[in-house]
Amino acid sequence: MRGPAASRPPRDNPVARLRARARKGWDRPLTAYYLILGGSLLITGLGLVMVYSASQITALQLSLPGSYFFRKQFLAAVIGAGLLFAASRMPVKLHRALAYPILAGAVFLMVLVQVPGIGVAVNGNQNWISLGGSFQIQPSEFGKLALVLWGADLLARKQDRKMLTQWKHMLMPLVPVAFMLLGLIMIGGDMGTAIILTAILFGLLWVAGAPTRLFTGVLSVAAVLGLILIRTSPNRMARLSCIGATEPGPNDTCWQAVHGIYALASGGLFGSGLGASVEKWGQLPEAHTDFIFAVTGEELGLAGTLSVLALFAALGYAGIRVAGRTEDPFVRYAAGGVTTWITAQAVINIGAVLGLLPIAGVPLPLFSYGGSALLPTMFAIGLLIAFARDEPAARAALAMRQPRFGRKRGAGGGGSIRSPRRWNTMRRRASAARTSGER
């Protein structure tokens with residue numbers, strides 16, 4: 001007679017193992033850094049491809065070379081990459097020092113827009129300054145970056161002095177300056193940019209821990225002002241009435257919204273192929289700017305649009321993680337403001353293309369055509385990268401990777417040897433800086 005069988009260890013659950021690995025990967029110190037850097041570069045690269053595809057017909061209709069808009073966007077992306085690299089290498093003190101000059105420059109340019117002969121109107125909105133030739137700049141785009149940096153510096157200084165416990169110090173002068181920027185934008189009629197600026201203001205107040213009644217009060221005032229501005233403009237009322245429209249309507253009021261839905265609906269699962277869009281042949285207005293997501297859905301299908309959404313979701317998650325893990329109040333407010341800016345603008349643009357929100361006329365960040373929008377956004381991404389690199393655990397992880405480049409060449413041959421002293425010093429420094437359990 002055989003004895004009882006020995007107890008066997010329970011078999012591992014593959015789902016639980018996969019979940020544990022995913023959680024471990026998400027908790028690594030460099031996860032936010034790689035998500036921000038990789039996600040932003042992928043969005044920008046895919047955006048360049050789609051700008052080239054979506055803008056060819058528009059360029060040819062204007063008797064321009066087919067790659068005209070792509071070349072301008074590529075030039076802006078190269079300059080933006082330089083700004084991103086510079087911002088990612090700047091110390092936090094320099095970012096704070098740039099807050100007031102950027103705010104002053106943005107306000108000056110936004111006032112200059114309203115000067116006759118200098119400001120240029122595009123699609124009914126006078127928010128542009130001509131730089132000569134075909135190059136123009138939209139100062140209100142830089143107003144977003146200015147509000148993020150200046151507002152984060154202001155709130156951080158007040159938190160250091162323990163002044164944010166009083167509602168008047170939380171609102172003054174942040175809200176009046178934000179309303180001044182909003183007024184300068186609305187003079188030119190750009191409701192979409194004003195909405196994004198309002199979202200940044202709310203994001204800063206939310207991260208600062210504004211009480212619910214204070215937050216609700218500011219939100220109510222902004223909602224009332226927005227309702228008045230919408231009701232007093234027939235164009236904005238028409239855009240509001242196009243939510244969920246399936247027919248162009250009388251006088252083709254909802255033409256753009258409906259043809260955006262047509263483009264998405266004809267894309268299917270994997271799309272009609274890159275460059276094979278039908279709607280961009282004059283049917284869909286602003287195919288390479290505000291409605292580039294619709295062309296992406298038509299040419300790359302559901303797989304392409306979900307990939308874009310996943311990249312923006314990863315970027316938003318990484319920004320929230322940077323803001324939540326830092327002990328520096330300026331980093332927390334600036335990261336929260338930048339994340340609010342990019343995610344809110346992406347939601348408003350994609351929501352308008354899907355027919356869930358009114359068409360606000362805002363580009364898809366890092367994706368749509370437009371150098372004025374791309375340059376400050378890439379600088380803001382550089383801020384997030386700098387903040388992600390500045391985390392103690394991330395600094396330690398990056399320090400451990402440096403010795404592989406710190407090799408000394410042997411005197412007698414062509415081989416290379418590592419310096420044991422440098423390697424051990426780096427390991428001790430990294431071990432002291434990181435917390436237990438981090439890899």
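Given the structure is predicted, the values throughout are model-derived calculations rather than measurements. Numbers here are sequence positions counted from 1.
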S.K.: Got a donor-acceptor contact below 3.5 angstrom from the Thr193 side chain to the Asp190 backbone?
M.R.: no

S.K.: Roughly how far, to the nearest 0.5 Å, is CD1 of Ile187 from CG of Asn127?
M.R.: 9.5 Å

S.K.: Over 60° means perpendicular and under 30° means parallel, so tell me whether His288 and Tyr369 are parallel, tilted or perpendicular.
M.R.: tilted

S.K.: Is it true that, when you exclude Tyr100 itself, more than 12 heavy atoms of the residues, nucleotides or ligands shown sit nearer than 6.0 Å to its OH?
M.R.: yes

S.K.: Give a yes or no answer on whether the side chain of His95 reaches the backbone of Val331 with a donor-acceptor pair at less than 3.5 Å.
M.R.: no

S.K.: Report the C-alpha separation of Phe387 and Phe330 in whole Å, then their side-chain angles, then the decisive distance to 0.1 Å, and conclude whether the side chain to side chain contact (heavy atoms under 4.5 Å, CB included) test is met.
M.R.: CA-CA 10 Å; Phe387 299 156; Phe330 172 79; 4.1 Å; yes

S.K.: Looking at side-chain heavy atoms only, is the closest gap between Leu147 and Leu197 below 4.5 Å?
M.R.: yes

S.K.: Got Ile129 and Gln136 here, is their nearest side-chain heavy-atom distance under 4.5 Å?
M.R.: no

S.K.: Going by salt bridge (Lys or Arg N to Asp or Glu O under 4.0 Å), name the residues that satisfy it together with Arg157, two or more places apart in sequence or in a different chain.
M.R.: Asp153

S.K.: Quiz question: by atom type and distance under 3.5 Å, do the side chains of Thr289 and Glu286 form a donor-acceptor pair?
M.R.: yes

S.K.: If every non-hydrogen atom of Ala77 is compared with every non-hydrogen atom of Thr44, which pair is closest and at what distance?
M.R.: CB-CG2, 4.4 Å

S.K.: Keeping Gln159 on the side-chain end and Pro329 on the backbone end, is there a donor-acceptor pair under 3.5 Å?
M.R.: no

S.K.: Between the side chain of Ser88 and the main-chain N/O of Phe85, is any donor-acceptor distance below 3.5 Å?
M.R.: yes

S.K.: Is there any ring pair (Phe, Tyr, Trp, His ring centres under 6.0 Å) pair reaching into residues 217-263, and which pairs are they, with sequence neighbours excluded?
M.R.: Trp255-His259, His259-Tyr262

S.K.: Using only atom types and a distance under 3.5 Å, with no angle test, would you say the side chain of Thr326 pairs donor to acceptor with the backbone of Ala323?
M.R.: no

S.K.: Determine which pairs satisfy salt bridge (Lys or Arg N to Asp or Glu O under 4.0 Å) with at least one residue from residues 327-342, sequence neighbours left out, and list them in order.
M.R.: none

S.K.: Are the side chains of Asn349 and Phe291 in touch, meaning some heavy atoms are under 4.5 Å apart?
M.R.: no

S.K.: Can a donor-acceptor pair be found, under 3.5 Å and without considering hydrogens, that links the side chain of Glu279 to the backbone of Val295?
M.R.: no

S.K.: Rounded to the nearest 0.5 Å, what separates atom CD1 in Ile137 from atom OG in Ser130?
M.R.: 11.0 Å

S.K.: Check for a donor-acceptor pair, side chain of Ser53 on one end and backbone N or O of Val49 on the other, with a separation under 3.5 Å.
M.R.: no

S.K.: Please collect all salt bridge (Lys or Arg N to Asp or Glu O under 4.0 Å) contacts where either partner lies in residues 139-148, sequence neighbours excluded, each pair once.
M.R.: Glu141-Lys144

S.K.: May I have all residue pairs that pass ring pair (Phe, Tyr, Trp, His ring centres under 6.0 Å) and include part of residues 45-66, sequence neighbours excluded?
M.R.: Tyr52-Phe70

S.K.: Restricting to pairs with a member in residues 295-314, which pass salt bridge (Lys or Arg N to Asp or Glu O under 4.0 Å), not counting sequence neighbours?
M.R.: Lys280-Glu299

S.K.: Is it the case that the side chain of Ser372 and the backbone of Gln138 share a donor-acceptor pair, with hydrogens and angles ignored and the cut-off at 3.5 Å?
M.R.: yes

